[in-house]
Structure formats: structure tokens, C-alpha cells
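Quick notes on the structure that follows.
Both counts, for ligands and for their atoms, begin at 1 and track the order of listing.
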Amino acid sequence: MAKFFDEIKKQFPIFKGTEWKDLVYLDSAASSQSPDCVINAVSDYYSTTHSNVHRGVHSLSQKATQIYESARQKVQQFINAKYAHEIIFTRGTTESINLIADTFAKKYLQPNDEILLSQMEHHSNIVPWQMAAQRTGAKLKIIPINENGELLMEDFRNLFSQNTKIVAITHISNVLGTINPVKELIAFAHQQNVPVLIDGAQGIKSQNIDVQELDCDFYCFSGHKMYAPTGIGILYGKEKHLEALPPYQGGGDMIERVSFEKTTFNALPFKFEAGTPNIGGAVGLSAAIDFINDCGVENLIEHELQLLDYATNRLHEIEGIRIIGNAAQKAGVISFLLAQHHPADVGTLLNMMNIAVRTGHHCAQPLMDRLQIKGTVRASFGVYNSKEDIDKLVIALCKVKQMLS
Ligand code: 7TS
């Protein structure tokens with residue numbers, strides 16, 4: 001298996017150039033690197049196929065449209081959505097969540113309605129709901145977590161009331177690595193007739209996602225955390241919800257007929273895709289899905305878990321390390337503190353030793369408040385990481401400790 005992944009690393013040009021050849025990249029939860037096949041697909045698209053979509057009679061535009069729509073089908077198959085028109089291209093997870101928070105609020109939210117979120121959400125799955133709540137008079141209710149960083153399921157169930165209108169929850173915490181029991185959460189919410197949005201920013205590359213099996217109402221993710229380019233992401237929504245919700249942005253492509261008196265809207269998925277979309281990004285995302293399928297999703301999951309296990313054991317060897325997030329079910333994200341040292345100091349020194357980690361609150365300040373810490377150092381894994389990377393991290397952390405004492 002290790003050899004298999006060594007070979008895969010060779011497909012990532014960033015590690016082949018002289019500048020970053022020796023970089024230990026442990027920041028894939030923020031953004032993953034892209035393999036040749038993704039970069040080449042985007043480059044080929046612009047070299048051979050680019051034109052605007054959905055509007056040309058000419059052959060080049062038809063070819064671009066075909067490639068864009070086949071990318072949609074690729075995503076549909078990847079997450080096993082029932083229909084291709086349930087796949088909306090967006091700029092990323094953040095835009096996908098904003099789209100739902102905004103349109104859901106317009107259609108359904110009333111004063112005193114309740115939105116359930118968890119204590120471990122990324123700001124992207126808090127602020128859009130807070131804005132929706134402020135506009136409508138609805139309220140946020142927060143599902144608490146235990147010391148290990150797991151949701152308190154009993155509290156979750158008890159938070160439901162007559163006024164609960166939607167649950168929005170992360171699949172995997174970008175700080176704690178916790179894999180939430182989303183299937184169970186969704187089943188319970190549905191018993192109360194409440195729809196569920198899953199923030200899949202971290203889930204998409206660490207889990208086998210089958211939206212029909214999960215039965216989630218919405219699943220949101222970004223291309224750039226699954227080896228695709230930035231600026232492309234997905235909102236999956238069940239057809240019945242997407243049909244019922246009003247449009248988000250107005251503009252070209254999302255209309256059926258416009259007059260100054262009245263506009264009627266296009267069918268799904270175009271109703272939610274105003275303006276010229278990120279066609280090159282969709283091409284890159286499609287290539288990234290091929291890449292993931294070629295690696296084998298199960299292999300990627302296994303690889304991440306092996307690295308997580310190894311990193312957890314090795315980090316524990318360092319005196320003064322405190323791992324933040326000890327859930328029973330975790331993905332390849334590991335946050336920690338090194339004695340009393342400031343995460344930014346630790347990260348800066350690691351950077352000087354060619355190790356890229358993320359430090360700070362990771363856009364999860366309410367979680368930091370809950371944990372009563374200011375931030376963490378976070379190492380997160382991708383397909384190109386190896387046990388040697390973790391060994392280098394551990395050696396570097398020992399040096400950092402000496403330097404800071
Ligand atoms: N939700 C979660 C759980 C995330 O981890 C992130 C990004 C987002 C939403 C937003 O995704 P975007 O692609 O729209 O920006 N997380 C991180 C991170 O952990 N470090 O940098 C970005």
C-alpha cells in the first residue's frame with residue numbers, strides 16, 4: 001500500500017519542482033494539491049474546447065456545453081444522486097451553504113423558528129444561518145459536544161421542538177477530525193419532518209458518499225479539498241427541495257422568459273446557476289473524480305486512517321503534546337497543542353523546517369470558545385502523505401520544543 005501511494009505522489013507536480021520538492025505538506029484540510037491529470041484536463045479544456053455554455057448554436061459552444069454537463073453527471077454518479085439536475089455547480093461549500101440558508105429563509109423561516117447547528121461548525125456553516133436568522137427572527141440552537149469532541153446525541157434529540165425548521169451540520173470537523181453519525185442524525189430529524197443540510201467540505205474525500213443512502217436533503221462540498229481546482233464546488237439537493245426553493249442570484253441562464261414586468265425561471269439545475277459558470281473548474285472537478293476513483297475511495301479512506309493512527313501514536317510520544325479531539329470515529333485531521341507554546345510560534349518554526357501545517361482557530365471560533373483554547377496546530381493528510389512525513393513532523397516538533405523552552 002505504501003508503495004502504491006509513493007507512486008501516486010509522483011503524479012503531483014508541486015512535489016516535483018525544485019522549490020517544494022522536500023515540503024511536507026500537512027494542510028490538505030485547507031486545500032489539497034492537484035495531480036497532473038487535473039491540471040492537464042483544465043489546460044486541455046482551455047486549449048481545445050473553451051467557449052460559453054448553453055447558448056451557442058456553434059459547435060465549439062456545444063462541445064463546451066457537453067463537457068460541462070458530463071461533469072455534472074460525473075458528480076451525480078460520484079455521490080449517487082438520483083438525478084443530474086440535483087447537482088448545482090457553485091464556487092464551493094461556502095456558496096452552497098449560503099445559497100440554501102438564503103433561499104430557505106426566504107421561503108420558510110418565520111420569527112421564532114429554530115435552526116439546529118452544532119458546536120463544531122466551521123464559520124461557513126454558522127454565519128449564513130445567523131444572517132438568515134437575523135433577517136427572519138429565527139433562532140440558532142446549538143448541539144453541544146463532549147470533551148472528546150463528539151456530538152451529544154441525547155441533547156441533539158432534546159433540542160427539537162415544533163419550531164425546528166432545519167438542521168445544518170458538518171460531516172467531519174475540520175478541527176477535531178470527528179466523523180459525525182450523520183445517517184443517524186438525518187433519520188431522527190426526518191422522523192420530526194425536519195430537513196438536514198450536511199457540510200461535506202471535509203467529508204467528501206474521506207468517506208464514500210452516497211446521498212441517497214444517507215438520505216440527506218442537501219450535501220455541500222468544494223472541489224479544492226478533493227484534488228480539484230479552487231472556485232468550483234457542489235450543492236446537492238433533493239429535487240423536491242430545489243424545486244420548491246426560490247432562485248438565489250438573478251442573471252443569465254437562470255431564466256425562462258424576462259420582461260420588465262415579470263421574469264419566469266429556468267428549470268433545475270439552471271435556476272440556481274446564474275451567469276457564466278466555472279466551466280474549466282467543472283472539468284477539473286470531473287478529472288479529480290476520475291483520479292479518486294482510479295485510486296479507489298476505499299484505499300484513500302484506509303490510507304488516511306493508517307496515517308491518523310500512526311500520527312496519533314507518534315505524537316503521544318512527545319511529552320507535553322495534547323491532542324485536541326479524541327472522538328472514536330475520526331478522519332485524517334489531527335489538532336494538537338505543544339505544551340504551553342502558541343500554535344502560531346509552533347507553526348512558524350515548523351515552516352522553517354519545511355513542514356506546512358495550519359495554525360489558529362481554523363474558522364471555528366465558537367468551537368475554540370467551547371474548548372477554552374485560542375487555537376491549535378493542525379496536521380491534515382492527503383493522498384501524497386506518508387508515514388515518513390509524520391516522522392519528520394515528530395522530529396521537527398521535538399526541535400521546536402527545545403527551541404521554545
Ligand atoms: N466547512 C468545513 C467543515 C470546512 O472545513 C471548510 C473549509 C468550509 C466549510 C469552507 O469551505 P470553502 O471551500 O467554501 O472555503 N475549511 C478550511 C480549513 O479547515 N482551513 O482552511 C479552510
Side-chain angles (χ1 to χ4, degrees), residues 25-34 75 88-102 117-131 143 145 149 151 167-180 182 185 196-207 209 216 218-236 248 278 281-282 284-285 288 304 324-325 327 329-336 343-344 347 351 356-368 370-371 375-382:
Y25 188 74
L26 295 173
D27 198 19
S28 293
S31 202
S32 49
Q33 299 299 333
S34 289
V75 177
I88 312 294
F89 284 114
T90 64
R91 284 195 299 127
T93 312
T94 301
E95 190 174 54
S96 301
I97 298 173
N98 272 280
L99 190 162
I100 294 303
D102 184 85
L117 310 177
S118 89
Q119 227 159 20
M120 65 172 88
E121 298 309 314
H122 187 280
H123 295 163
S124 290
N125 200 27
I126 299 174
V127 183
W129 297 109
Q130 208 161 40
M131 288 160 73
I143 311 158
I145 58 171
L151 291 178
V167 178
I169 199 150
T170 193
H171 195 163
I172 295 180
S173 162
N174 66 317
V175 179
L176 307 165
T178 311
I179 305 175
N180 285 319
V182 283
L185 293 160
V196 181
L197 175 143
I198 303 293
D199 172 350
Q202 300 296 339
I204 192 70
K205 83 167 167 51
S206 300
Q207 300 287 291
I209 304 301
C216 55
F218 305 102
Y219 197 94
C220 307
F221 58 95
S222 304
H224 71 99
K225 294 186 203 286
M226 51 180 290
Y227 312 110
T230 54
I232 188 77
I234 297 295
L235 164 66
Y236 157 80
Y248 178 47
N278 183 354
L285 179 59
E304 245 189 55
I324 309 292
Q329 300 295 323
K330 270 183 79 169
V333 173
I334 185 160
S335 266
F336 59 89
N351 181 52
V357 292
R358 197 161 193 92
T359 64
H361 55 64
H362 313 292
C363 298
Q365 285 177 338
L367 175 61
M368 297 298 131
R370 159 68 180 85
L371 299 170
T376 74
V377 183
R378 183 189 71 184
S380 54
F381 311 126

Mark the output for [X] as yes if a heavy-atom distance to ligand 1 is under 4.0 Å, and as no if none is.
X	value
Asn125	no
His224	yes
Arg358	yes
Arg378	yes

When you measure from [atom] to every protein heavy atom, which one gives the shortest distance, and what is it?
atom	answer
atom 7 (C) of ligand 1	Lys225 NZ, 2.8 Å
atom 5 (O) of ligand 1	Gln202 NE2, 2.8 Å
atom 4 (C) of ligand 1	His122 CD2, 3.3 Å
atom 9 (C) of ligand 1	Asp199 OD2, 3.4 Å
atom 14 (O) of ligand 1	Thr94 OG1, 2.5 Å

*Between the side chain of Ser118 and the main-chain N/O of Ile169, is any donor-acceptor distance below 3.5 Å?*
no

*Donor-acceptor pair, Ser96 side chain versus Cys220 backbone, under 3.5 Å?*
no

*Min N/O separation Thr170 to ligand 1 under 3.5 Å*: no

*asked:* Please check whether His362 reaches ligand 1 - meaning an N/O of the residue sits under 3.5 Å from an N/O of the ligand, judged on distance alone.
replied: no

*Side chain, backbone, both or neither: which part of Ser124 has a heavy atom under 4.0 Å from ligand 1?*
side chain

*Check the side chains of His122 and Thr170 for a donor-acceptor pair under 3.5 angstrom, ignoring hydrogens and angles.*
no

*CZ of Arg370: more than 12 outside heavy atoms within 6.0 angstrom?*
yes

